[in-house]
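Below is one structure, written out as structure tokens; the observations come after it.
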Amino acid sequence: MSSGSLPGFRDFYPDEFALRAHIFAAWRAVAHRYAFVEYDGPPLEPLDLYTKKSGDEIVGQLYNFTDKGDRAVALRPEMTPTFARMVGARANALRKPIRWFSIPQLFRYERAQRGRLREHFQLNVDIVGEPSELADAELICVAVDIMRELGLGPDDVRARVSDRQLLNAILEEIGVTEGQLTTVYAVLDKMARQPHDISRTKLADAGMVPKHVDRVMELASLGSLVELREAFGAAPALVPHLDRFARMLEHAQALGVGAWMDLDLTIVRGLAYYTGSVFELFDARGELRAICGGGRYDNLLAALGGVNLPALGFGMGDVVLGELLKERNLLPTFSGTRADLYVVGGDGALEHGIQDALTLTRHCRDAGFRVDYALNAERYSTQSTRNQVDAAKKGGARAAVYFEPGDLVAVQGLHGKMTEAPRGTFAAAPLLAGDAHAMAAFKQWFDSTIPHRTND
RNA sequence: GUGGCUGUAGCUCAGUUGGUUAGAGCACCGGUCUGUGGCACCGGGGGUCGCGGGUUCAAUUCCCGUCAGCCACCCCA
């Protein structure tokens with residue numbers, strides 16, 4: 001099969017584009033509801049924007065090349081460095097806290113598989129300049145509210161929340177050494193995907209005594225703050241972290257997303273730059289990859305953008321989200337995007353030829369109708385009305401419109417059985433003349449009488 | 001980057017123990033039906049059987065390679 005696109009890249013046919021537009025619309029609607037403003041940056045950036053912090057090993061997954069000016073460049077694999085640069089350049093002039101979001105198309109060069117392509121769109125939502133845990137609650141709430149906006153519920157999607165500072169304090173309490181942290185993080189991250197005996201072996205190999213291994217493994221089963229307090233609440237070093245986490249949960253509760261949230265200490269996120277809260281959104285059945293991930297990265301702007309401001313954010317890709325919506329039958333309908341009127345040649349086509357049909361089309365379009373027709377003047381006068389109406393119906397139009405003898409314009413609804421569909425006739429002359437009152441009356445009748453088509 | 005599975009029409013799939021011109025349903029295009037039409041019926045277009053090589057009188061079929069897709073690793077921004 002000849003594929004027209006490069007591996008891991010997508011063609012968006014109208015069906016697929018409709019899904020993408022549906023997701024984008026939900027992203028923008030919720031982001032705007034939370035008073036975030038949209039920004040964007042270049043899709044192509046200097047290579048060193050990404051290698052400076054992460055090292056050369058990341059190049060293997062970058063879509064990079066040398067441009068005609070001998071610059072080492074890369075298609076952006078993530079938005080955060082661009083975001084950090086933009087914020088850093090105007091940090092003093094921007095009113096804090098900053099609430100920004102973007103919908104960049106991101107690229108990575110690696111083997112594509114389900115839910116993971118070489119190109120995808122990712123909503124990025126970031127808050128800069130606010131250290132309070134209320135900002136963390138607000139951010140998680142944006143992500144969860146997008147799920148709600150798309151028709152998903154707490155039974156479909158779970159928000160798993162953890163906190164790096166809390167986790168670090170717990171590990172210190174347990175007795176994990178600084179040098180063992182990386183291994184512990186990796187083991188926690190893979191807790192659900194890796195057999196426990198392998199996890200234990202890895203911890204032991206890092207030099208942990210059996211008792212410490214047991215306690216680390218137990219962390220995975222702590223699913224609530226209450227359990228966490230029972231296990232560690234007595235430790236004075238943990239109290240401020242537990243209290244802060246509790247306040248965040250209370251805020252989230254008040255913002256209406258408490259029912260979606262689970263405490264889960266195995267959420268560590270791959271990136272080293274997270275410094276506080278971390279969270280991921282998963283489908284509740286656990287069949288798909290993470291829908292969304294983010295957290296607090298208070299030191300990153302200083303490292304990337306040169307300004308020392310606390311920050312937090314998340315990224316949410318369109319690919320996994322689209323798959324989830326497909327699985328749950330939450331795909332959009334096309335009712336709002338197809339033609340309202342489809343002009344066909346009727347019994348009045350002899351007295352009102354194609355020119356009159358086009359004039360009518362023009363006035364209807366000016367009045368706000370979406371108008372389609374066959375783009376073939378010969379067919380207008382020769383093809384049977386019935387076949388033309390069939391074409392209109394197959395094309396998803398809400399109604400067919402045509403001239404009838406007696407200087408009339410007839411409108412036939414195309415929803416359901418023809419005999420039961422609404423039908424109306426209007427004097428042709430005023431509509432052809434573009435008479436505003438006649439057109440307004442026509443449109444009012446149409447809007448209140450003709451139902452939208454669905455694509456079931 | 002590693003391993004496994006798969007590849008026939010736009011889609012879902014038949015089929016060929018190797019043999020003349022590769023099929024169906026849906027979709028698409030044209031038409032008939034003066035009309036329960038979100039039908040029915042008639043006709044039509046569309047395939048280098050992923051691509052390349054090998055074996056053979058003959059390959060879509062068997063073999064090798066390659067590319068692509070899926071899955072598991074790796075990685076996850």
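Throughout, a chain's letter reflects where its sequence line sits, starting with A, and its residues are numbered from 1.
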Carboxylate-amine/guanidinium contact [X] [Y], below 4.0 Å:
X        : Y        : result
A:Arg158 : A:Glu280 : no
A:Glu404 : A:Arg423 : yes
A:Arg200 : A:Asp197 : no

Checklist line | Gap in Å between the two C1' atoms, one belonging to B:rA22 and one to B:rC13, rounded | finding: 14 Å
Notebook entry, point to check: When you compare B:rG23 with B:rU60, how far apart are their P atoms, in angstrom units rounded to a whole number?
Noted result: 15 Å
Checklist line | Partner residues of A:Pro422 under the side chain to side chain contact (heavy atoms under 4.5 Å, CB included) criterion, sequence neighbours left out | finding: A:Thr449, A:Ile450, A:Pro451
All salt bridge (Lys or Arg N to Asp or Glu O under 4.0 Å) counterparts of [X], not counting sequence neighbours:
X        : value
A:Glu172 : none
A:Arg108 : A:Glu110
A:Arg99  : A:Glu138

Note to self: Using side-chain heavy atoms (C-beta onward) and a distance below 4.5 Å, is A:Val161 in contact with A:Phe245?
What the structure shows: yes
Margin query: Side chain of A:Lys190, heavy atoms from C-beta onward: which of B:rA77, B:rG69, B:rC74 has the nearest atom to it?
Written below: B:rC74
Notebook entry, point to check: For the base of B:rA77, is there a side-chain donor-acceptor partner from A:Gln122 under 3.5 Å away?
Noted result: no
Taking only N/O atoms, report every protein-nucleotides 28-30 of chain B pair under 3.5 Å with atom names and distance.
| from | atom 1 | to | atom 2 | distance (Å) |
| --- | --- | --- | --- | --- |
| B:rG30 | OP1 | A:Arg379 | NH1 | 3.3 |
| B:rG30 | OP1 | A:Arg379 | NH2 | 3.4 |

Checklist line | Where RNA chain B forms stems, i.e. three or more consecutive Watson-Crick or G-U pairs with both distances under 3.5 Å | finding: B:1-7 with B:67-73, B:10-13 with B:23-26, B:28-32 with B:40-44, B:50-54 with B:62-66
